[in-house]
Amino acid sequence: MRYEAKDWDAVVEVLRNATEITVACHVNPDGDALGSLLGATLGLRSLGKRVQPTFNDTAPVLPFGYSFLPGGDGLVAPGDLVDAPVFLALDCGARDRLGALVEPVAMRAGTLINIDHHPGNEDFGHLNVVVTTASSTAELVTRLLVDAGVELDRDIATCLYTGIVTDTGSFQYSNSTSETLRIAAELLDLGVDKTEIARSVYETAPFGYLQLVALVLSRARLFPEERFIYSFVKLEDLRQTSVPMEETDKLIELIRATRDADVAAIFKEQEDGRFRASMRSKGPVSVGKIARERGGGGHELAAGFTVDSIEESVAGIVAELEP
Ligand code: 5GP
Ligand code: MN
């Protein structure tokens, strides 16, 4: 065991002995959630276990940039899950991140295993491997699978590498450690095509996405004193540009690129009229704290929450960031 996690060996033991396992990641999954989910699924299947991978409240479909991930064809809709004695929750900072349909299935499992790297994770599993110094859940899953006896192959490694590369901003963010790079190197040695992954994840946007970027950037508002920038996406924008909501994850990376702000937010309108906020910080401000105060969660430097009004939320954040 290379990580500080008291349940590590117990989790390895359960994974070794289980014959039926449900594996789930958080709703609206990102690269780490999907890579961990499919990497764990393929890895556990290679040990002869029956695995049901699932996520979201509707039929789980891989977002456009992740459709290349191996194993995505075997996803099970939450409504079709059969109860299994072991449930693996991946990259879920809190239990409710599993979503309304998957969470009750997790609660009924004999052994609920929580594998995550979000600070503020309250060990909601019977067994918990929560390592906040890990770059990604995929990094933890890599080591757990190997300890459980999985022989990693190219497909498994492709999933896990994708999780690591996306959660570290291609190894740029502070969460990327020498251990992260060692693990990534081991995965590359299994034949992972890192150029193909980068192209799939970062360079397959439809033309309408560029129009959406133009809209979002043109609306960005900077608060120079507070070093805060934000913008927003309306459902109407998505209709106009034919961009699905799953493709809007990287807009925040564009907003945060200015040197004139340390904290960035993007608000995305939901079907229910509320707004999902994604926040990023370059430090020292903890957007994780800002998100938790508003009923959301996340890391110190990347977090999210949901609000009724953009204006009210911005006013609150600006007040909090006042120098
Ligand atoms: P993103 O802005 O990419 O959606 O999320 C950034 C980080 O915050 C991710 O690690 C994500 O899991 C976490 N996060 C986003 N929204 C929420 C939320 O509503 N609750 C919790 N607990 N975590 C969130
Ligand atoms: Mn993650």
Side-chain angles (χ1 to χ4, degrees), residues 24-40 55-57 63 65-66 89-100 103 114-124 129-142 159-171 173-177 180 183 201 216 230-233 245-256 263-268 270 272 274-281 286-308 313 317:
C25 62
H26 61 74
V27 289
N28 309 316
D30 55 10
D32 186 29
L34 293 168
S36 299
L37 175 80
L38 298 176
F55 61 83
N56 268 4
D57 290 341
Y66 296 107
L90 299 173
D91 205 39
C92 295
R95 209 178 71 192
D96 63 6
R97 298 279 291 151
L98 285 164
E103 190 181 346
N114 162 28
I115 298 172
D116 185 41
H117 67 137
H118 291 92
N121 187 311
E122 289 178 350
D123 287 358
F124 61 83
V129 169
V130 177
V131 181
T132 58
T133 54
S135 68
S136 50
T137 299
E139 190 181 311
L140 298 169
V141 170
T142 305
C159 296
L160 297 170
Y161 181 88
T162 301
I164 296 172
V165 82
T166 52
D167 247 26
T168 57
S170 305
F171 307 107
Y173 301 150
S174 57
N175 62 355
S176 183
T177 63
T180 310
I183 294 175
V201 175
V216 169
Y230 84 92
S231 189
F232 58 91
V233 181
M245 183 61 88
E246 303 82 65
E247 305 299 325
T248 61
D249 279 7
K250 297 184 195 82
L251 292 172
I252 185 72
E253 309 301 333
L254 299 172
I255 300 288
R256 66 173 286 172
V263 179
I266 188 151
F267 294 86
K268 301 176 189 174
Q270 308 294 296
D272 64 3
R274 303 185 81 208
F275 292 88
R276 260 203 60 73
S278 270
M279 286 193 77
R280 299 290 185 268
S281 168
S286 166
V287 289
K289 177 170 166 279
I290 290 176
R292 281 190 290 278
E293 286 165 359
R294 289 159 176 79
H299 308 280
E300 298 303 286
L301 304 183
F305 54 94
T306 302
V307 292
D308 292 325
S313 184
I317 293 166

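All figures in this text were calculated on a predicted structure; none of them were measured in a lab. When reading the values below, keep in mind they use all heavy atoms of this one structure, side chains included, and skip hydrogens, waters and symmetry mates. Every number for a ligand or one of its atoms is a count from 1 in the order of the listing.
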Colleague: Enumerate the atoms of ligand 1 whose separation from the nearest heavy atom of Arg276 is less than 4.0 angstrom.
Modeller: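 Close to Arg276: 4 (O), 15 (C), 16 (N), 19 (O).
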Colleague: Which protein heavy atom lies closest to atom 11 (C) of ligand 1, and at what distance to 0.1 Å?
Modeller: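 Protein heavy atom at minimum distance: Arg97 NH2, 3.5 Å.
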Colleague: Looking only at protein heavy atoms, identify the closest one to atom 9 (C) of ligand 1 and say how far it is in Å.
Modeller: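 Here the nearest protein heavy atom works out to His118 NE2, 3.7 Å.
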Colleague: Does the side chain of Asp249 come within less than 4.5 Å of Lys268's, by heavy atoms?
Modeller: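 Answer yes - side chains close enough.
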Colleague: Got a sec, which residues hit side chain to side chain contact (heavy atoms under 4.5 Å, CB included) with Glu293, two or more places apart in sequence or on another chain?
Modeller: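 Counting only residues at least two positions away or on another chain, Glu293 forms a side chain to side chain contact (heavy atoms under 4.5 Å, CB included) with Lys289, Glu320.
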Colleague: Hey, could you give me the CG/OH distance between Leu37 and Tyr66, rounded to the nearest 0.5 Å?
Modeller: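 These two atoms lie 13.0 Å from each other.
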Colleague: Look at atom 7 (C) of ligand 1 and say which protein heavy atom is nearest, naming residue and atom and giving the distance to 0.1 Å.
Modeller: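 Minimum-distance protein heavy atom for atom 7 (C) of ligand 1 reads Ala302 O, 3.4 Å.
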Colleague: For the atom pair OG1 (Thr162) and CG (Leu38), what is the distance rounded to the nearest 0.5 Å?
Modeller: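 It is 9.5 Å, given to the nearest 0.5 Å.
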Colleague: Taking the inter-plane angle between the rings of His299 and His118 on a 0 to 90° scale, is it parallel (under 30°), tilted (30 to 60°) or perpendicular (over 60°)?
Modeller: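 Answer is parallel, since the angle falls under 30°.
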Colleague: By number and element, which atoms of ligand 1 are closer than 4.0 Å to a non-hydrogen atom of His299?
Modeller: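 Those qualifying, in numeric order: 10 (O).
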Colleague: For atom 14 (N) of ligand 1, what's the nearest protein heavy-atom neighbour? Residue, atom name and distance, please.
Modeller: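 Minimum-distance protein heavy atom for atom 14 (N) of ligand 1 reads Gly297 O, 3.3 Å.
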Colleague: Just how far is it from atom CG of Asn121 to atom CD1 of Ile115, taken to the nearest 0.5 Å?
Modeller: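 The CG atom of Asn121 sits 11.0 Å away from the CD1 atom of Ile115.
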Colleague: Should Leu90 and Val141 be marked as a side-chain contact (heavy atoms from CB on, under 4.5 Å) after you check the CA-CA gap, both sets of side-chain angles, and the distance that decides it?
Modeller: CA-CA 9 Å; Leu90 299 173; Val141 170; 3.9 Å; yes
Colleague: Among all protein heavy atoms, pick out the one at the shortest distance from atom 8 (O) of ligand 1; state its residue, atom name and that distance to 0.1 Å.
Modeller: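 Of every protein heavy atom, Ala303 CA, 3.3 Å lies nearest to atom 8 (O) of ligand 1.
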Colleague: How far is atom 3 (O) of ligand 1 from its nearest protein heavy atom, and which residue and atom name does that atom have?
Modeller: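 So the nearest neighbour among protein heavy atoms is Arg280 NH2, 2.9 Å.
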Colleague: Identify, by atom number and element, the atoms of ligand 1 in contact range of Gly296, meaning under 4.0 Å from any of its heavy atoms.
Modeller: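 Atoms satisfying the 4.0 Å criterion: 18 (C), 19 (O), 20 (N), 21 (C).
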Colleague: Among protein heavy atoms, which lies nearest atom 18 (C) of ligand 1, and at what distance?
Modeller: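 Looking at atom 18 (C) of ligand 1, the protein heavy atom closest to it is Gly304 O, 3.5 Å.
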Colleague: Listing residue and atom name, which protein N/O/S atoms are closer to the Mn ion (ligand 2) than 2.8 Å?
Modeller: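 You should have found Asp32 OD2, Asp91 OD1, His117 NE2, Asp167 OD2.
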Colleague: Show your reasoning for whether side-chain contact (heavy atoms from CB on, under 4.5 Å) applies to Lys250 and Val201.
Modeller: CA-CA 10 Å; Lys250 297 184 195 82; Val201 175; 3.7 Å; yes
Colleague: How many angstroms lie between atom OG of Ser278 and atom CG of Leu251, to the nearest 0.5 angstrom?
Modeller: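 So the gap between those two atoms works out to 9.5 Å.
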Colleague: Considering only the protein, which heavy-atom contact is closest to atom 2 (O) of ligand 1, and what is its distance?
Modeller: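 Ranking protein heavy atoms by distance from atom 2 (O) of ligand 1, first comes Ser278 OG, 2.5 Å.
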Colleague: Gly298 heavy atoms, cut-off 4.0 Å: which ligand 1 atoms fall inside?
Modeller: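 Per the distance check, 8 (O), 13 (C), 23 (N).
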Colleague: My understanding is that only residues two or more places apart in sequence, or in another chain, count here; which of them pass side chain to side chain contact (heavy atoms under 4.5 Å, CB included) with Ser170?
Modeller: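 If we apply the side chain to side chain contact (heavy atoms under 4.5 Å, CB included) test to Ser170, skipping adjacent residues, the hits are Val165, Gln172, Tyr202.
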Colleague: Which is it for His117 and Asn175 under the side-chain hydrogen bond (donor to acceptor under 3.5 Å, both in side chains) test, yes or no, and what are the steps along the way?
Modeller: CA-CA 10 Å; His117 67 137; Asn175 62 355; 5.4 Å; no
Colleague: Applying side-chain hydrogen bond (donor to acceptor under 3.5 Å, both in side chains), name anything that partners Glu253, two or more places apart in sequence or on another chain.
Modeller: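 Expected list: Tyr173.
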